[in-house]
A.B. asks: 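I'd like to ask some things about the structure below.
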Amino acid sequence: MGLSDLFKEKHNWNLDELKAINALMSAQAQIDGNMDQNEIDLMFNVVSRLPGEKPSDWKEFCQSSMSTRPEDHFKVLKNMHTHKRKVLIASLALLAEADDNVDEDEIKFLGATGLLLGISPEDFS
């Protein structure tokens, strides 16, 4: 699933889902100790281009996303349609590659997130 495929999504995303995907992508981008501009740009492109609701205030959206408890985000994520969970995992995989440095901890994070959400590598075959 490439970046362009993410935006062919058939299901609309609500703000809680977008906040959860933003928080998870932010966490992954910081795993290697450096969130670079390519990662920031990719995160914005994913959140802003998925169909559905959009924040009216991006600064408030990001602050709210980062201040929400992780368990609340995972509750939202687990209740999403399977296709949306696949989009999230694909977005995390693209993010891991965005800085041209796929860190071992990013791979572990991606795998653990997929496991928690019931998505496996075979789901992309």
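We number each residue from 1, following the sequence as shown.
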A.B. asks: Does the side chain of Thr68 come under 3.5 Å of the side chain of Lys19 through a donor N or O and an acceptor N or O?
C.D. replies: no
A.B. asks: Spell out, yes or no, whether Ile40 and Leu94 are grouped together once hydrophobic residues are joined by side-chain heavy atoms under 4.5 Å, including indirect joins.
C.D. replies: yes
A.B. asks: Is a side-chain donor or acceptor of Arg85 paired with a backbone partner of Ile119 at a separation under 3.5 angstrom?
C.D. replies: no
A.B. asks: Let me confirm one number: the CD-NE2 distance from Glu17 to His11, rounded to the nearest 0.5 Å.
C.D. replies: 10.5 Å
A.B. asks: With hydrophobic residues grouped by side-chain heavy-atom distances under 4.5 Å, do Leu15 and Leu88 end up in a single group?
C.D. replies: yes
A.B. asks: Given 3.5 Å as the limit, does a donor-acceptor pair link the side chain of Gln30 with the main chain of Ser26, or not?
C.D. replies: yes
A.B. asks: Using salt bridge (charged side-chain N to carboxylate O under 4.0 Å, His left out) as the criterion, list what pairs up with Glu71, not counting sequence neighbours.
C.D. replies: Arg69
A.B. asks: Testing Thr82, Leu92, Leu50 one by one against Val87 for a side chain to side chain contact (heavy atoms under 4.5 Å, CB included), which residue passes?
C.D. replies: Leu50
A.B. asks: Between CE of Met80 and NZ of Lys86, what distance do you get to the nearest 0.5 Å?
C.D. replies: 12.5 Å
A.B. asks: Ignoring hydrogens and angles, tell me if any N or O in the side chain of Ser67 forms a donor-acceptor pair with the backbone of Ser64 under 3.5 Å.
C.D. replies: yes
A.B. asks: Do other residues, nucleotides or ligands put more than 12 heavy atoms under 6.0 Å from the CD atom of Glu104?
C.D. replies: no
A.B. asks: So, taking the atom named CG in Asn14 and the one named NZ in Lys54, what distance separates them when rounded to the nearest 0.5 Å?
C.D. replies: 10.5 Å
A.B. asks: Donor-acceptor check, side chain of Glu39 to backbone of Asp36, threshold 3.5 angstrom: yes or no?
C.D. replies: yes
A.B. asks: Rounded to the nearest 0.5 Å, what's the gap from CZ on Arg49 to CZ on Phe44? Could you check?
C.D. replies: 10.5 Å
A.B. asks: What's the shortest heavy-atom distance between Met66 and Asn22, and which atoms?
C.D. replies: SD-ND2, 4.4 Å
A.B. asks: If you look only at distance, which donor and acceptor atoms sit under 3.5 Å apart when one is on a side chain in residues 106-113 and the other is two or more places apart or in another chain?
C.D. replies:
from: Glu106; atom 1: OE1; to: Asp103; atom 2: N; distance (Å): 2.8
from: Thr113; atom 1: OG1; to: Phe109; atom 2: O; distance (Å): 2.8

A.B. asks: Give a yes or no on whether Lys78 atom NZ has more than 12 heavy-atom contacts from other residues, nucleotides or ligands under 6.0 Å away.
C.D. replies: no
A.B. asks: Hydrophobic cluster membership, with links at side-chain heavy-atom distances under 4.5 Å among I/L/V/M/F/W/Y: are Val76 and Ile21 in one?
C.D. replies: no
